[in-house]
Amino acid sequence: MMVLRLASRNLMRNKKRTILTATALALGISVLIFAMSLLDGMDLQSFENFIAYDMAHVKGLPPGRQDEDFPGLDFRIDNASDFISQIENRPGVLAVAPRLEMNGMLYLRTEETFIRVMGIDPVKDSQVFKTLDAVVDGEPITNGEDAILIGFYLARDLGIEVGDIITVMVRSAPGALNPRQLTVKGIMACGHPDVDQFEAYVPLSVAYQMALLYDSATEIDILLEHESMCEPFRDSLASEFQSIEWHTWRELAADFLSISKAKRVAWLIMISIFAIMAAVGIANTMMMSVHERTREIGTLRAFGFSKSTVRSIFLLEGAILGLLASFAGMIIGSAFTLYLSVEGISLKAYEGMDIGVPLSDALYPALLPNTLLLSLLFGILMAVAASWGSATRASKGEIIKALREGML
Amino acid sequence: MDNHVVVRIQNIEKSYNQGKVKALRGVDLDVQPEAFLTLAGPSGSGKSTLLNLIGALDIPDSGYIEVDQQTLFSFRPGAAPVTMAEEDRTALRREKIGFIFQQFNLVPVLTARENVELPLEILSSFSKKDRRERSREMLHLVGLDGLEDRRPSQLSGGQQQRVAIARALAKKPAIVLADEPTANLDGDTGQSIIELMKKMRDELGTAFVISTHDPRVIEHSEIKIRLIDGRIET
């Protein structure tokens with residue numbers, strides 16, 4: 001109690017200095033919280049987009065397809081409905097949908113561009129993915145109709161509007177080029193730049209006609225009750241259906257995840273520079289504090305205070321400073337982050353650019369409890385570490401010198 | 001061994017700067033319980049060095065020191081040298097020795113009562129209630145009733161030294177070592193501090209060893225030791 005009382009009151013001896021030091025640390029902590037929340041938000045949104053618009057939880061691919069840059073229809077799963085019927089009633093499975101992906105060209109008047117044409121079963125697909133919910137103009141496609149759904153940026157770049165009739169040409173499975181006129185039924189903006197920029201969706205029945213196939217799929221997408229089920233589910237499918245390569249979304253997004261991890265490390269290094277600057281401030285404050293209180297330290301030692309008790313007074317002082325500053329930093333950082341987590345940080349300026357994340361509209365920082373707890377601990381530990389040298393010096397000095405000359 | 005000796009010093013020598021400066025040259029001294037003893041002498045005569053050695057703040061080059069029947073240091077020809085471990089010296093100071101300083105050395109962020117309680121906080125034998133009662137009792141004895149909650153900056157120099165005396169005596173040590181306790185006080189205040197220390201000695205039976213230049217303190221002392229050039233003047 002006495003150590004705590006001394007430590008806390010000592011902080012108020014030089015209020016201005018304490019406040020300045022605490023402010024530097026508080027700002028460092030608030031920046032740390034914001035940066036971590038930004039990265040967390042980026043990851044969470046990216047993961048959501050990957051699952052909701054691209055990869056589902058587990059994806060079945062024909063062997064070798066993943067290794068190709070522009071895989072053709074040679075890489076496909078035939079009799080896809082057999083596989084789907086064997087999978088969709090398993091425990092933990094929410095929905096299963098086939099997709100048939102073809103590379104093709106889109107023509108409208110004098111415009112033409114490369115696109116990925118995705119044949120989907122609108123009913124099944126909407127149970128796995130949210131793509132059809134992202135229609136912002138027109139309506140989603142339904143089974144059997146000669147209609148196409150176009151990505152927002154693709155439509156904007158080519159001046160495509162709902163109701164336009166466009167020509168899409170794909171290479172069919174036998175190898176012949178197969179053009180088809182389709183009516184643009186809807187335009188979708190899902191916030192996943194790849195989907196919004198390069199993809200177009202047609203009913204699976206239309207895709208089969210274009211590909212000259214029936215009951216084939218280039219991927220089987222599975223949505224599970226919970227993300228944590230991905231790996232065991234993938235393993236069970238892999239052992240049972242060996243003619244298909246089964247992947248969790250994390251495996252498919254491995255490149256993104258490793259880049260994300262590297263980005264996080266780079267950010268944390270930058271933030272650490274802030275932290276080191278704040279730590280230097282704390283170390284300086286504690287050094288001054290020890291210097292000013294040398295005679296008092298000598299007195300305590302003369303009274304029989306052990307070295308460790310004297311050291312603990314200064315370490316506790318650093319810890320209290322760290323706690324208060326980190327708490328203030330938590331409030332500032334949380335307030336700023338929460339505001340932006342509601343308002344979002346617009347990514348419009350990066351429209352059409354590859355910014356390395358599957359986001360296109362806005363970025364919403366995610367303030368997680370772990371971030372707050374880690375920041376608080378980080379602030380306290382850093383303050384204690386910065387106080388260590390001064391505290392040790394205070395405890396090890398000669399008592400007589402401290403009492404007589406005020407020197408350690 | 002005489003049980004009635006609080007401090008026994010025999011043939012103590014202490015030098016600094018690798019032997020170039022000899023601070024004490026064969027000092028012998030016994031301090032009896034309830035002694036009121038002054039160490040006088042010019043600057044550099046060895047008063048403070050002797051006080052530091054008795055206070056277990058320093059160790060001599062040779063000789064023998066015992067405080068409250070605990071051997072602090074023994075280096076005698078033909079016998080194995082004995083030096084009390086640093087932790088044990090810290091414990092000895094904590095339990096047996098009180099200090100009064102020229103500049104009072106009160107902790108400025110603590111009140112008078114908390115300053116008096118400070119040395120008791122590190123003694124396991126004192127509960128919070130005991131500490132509170134003892135500090136109240138000591139502040140009453142030094143005449144500071146009603147000023148318990150004042151911080152040092154709110155007290156006069158004399159009042160601060162009274163707090164320091166209460167603090168030194170709160171744990172009822174075997175001996176109190178006072179280093180120039182009146183040097184920073186005006187004449188009347190200094191006089192009252194001398195009288196207070198003597199009164200405390202009378203009431204609590206604690207031995208006082210006081211290093212001083214102040215003739216009034218020397219005049220009040222019952223045992224006057226004068227050090228000249230590291231030796232006790234006979």
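Per chain, numbering begins at 1; letters A, B, ... match sequence-line order. Predicted, not measured: the structure shown is a model, and the values here were computed from it.
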Taking ring pair (Phe, Tyr, Trp, His ring centres under 6.0 Å) as the definition, give me every residue that meets it alongside A:Phe305, ordered by chain and number, with sequence neighbours left out. none
With a 4.5 angstrom heavy-atom cut-off, is it the side chain or the backbone of B:Ile122 that approaches chain A, or both, or neither? side chain
Which region of B:Leu118, side chain (C-beta onward) or backbone (N, CA, C, O), has a non-hydrogen atom less than 4.5 Å from a non-hydrogen atom of chain A, or is it both or neither? both
Looking at CG of B:Leu51 and CD1 of A:Ile400, how far apart are the two atoms once the value is rounded to the nearest 0.5 Å? 10.0 Å
Are there any donor-acceptor pairs closer than 3.5 angstrom between chain B and chain A, and if so, which ones?
| residue | atom | partner | partner atom | Å |
| --- | --- | --- | --- | --- |
| B:Glu86 | OE1 | A:Lys307 | NZ | 3.3 |
| B:Glu86 | OE2 | A:Arg301 | NH2 | 3.2 |
| B:Glu86 | OE2 | A:Lys307 | NZ | 3.2 |
| B:Arg93 | NE | A:Arg301 | O | 3.2 |
| B:Arg93 | NE | A:Ala302 | O | 3.3 |
| B:Arg93 | NH2 | A:Arg301 | O | 3.0 |
| B:Arg94 | NE | A:Gly304 | O | 2.8 |
| B:Arg94 | NH2 | A:Gly304 | O | 3.0 |
| B:Gln103 | OE1 | A:Arg295 | NE | 3.2 |
| B:Gln103 | OE1 | A:Arg295 | NH1 | 3.4 |
| B:Asn105 | ND2 | A:Thr299 | OG1 | 3.0 |
| B:Val109 | O | A:Arg9 | NH1 | 3.0 |
| B:Glu114 | OE1 | A:Arg9 | NH1 | 2.4 |
| B:Glu114 | OE2 | A:Arg9 | NH1 | 3.3 |
| B:Glu114 | OE2 | A:Arg9 | NH2 | 2.8 |
| B:Glu121 | OE2 | A:Arg5 | NH2 | 2.7 |

Please identify, among B:Pro108, B:Pro119, B:Ala91, the residue contributing the most non-hydrogen atom pairs under 4.5 Å to chain A. B:Pro108
Check the surroundings of atom CZ in B:Phe36: do more than 12 heavy atoms from other residues, nucleotides or ligands lie under 6.0 Å from it? yes
Take a 6.0 Å sphere around CE of A:Met277 and say whether it holds more than 12 heavy atoms from other residues, nucleotides or ligands. no
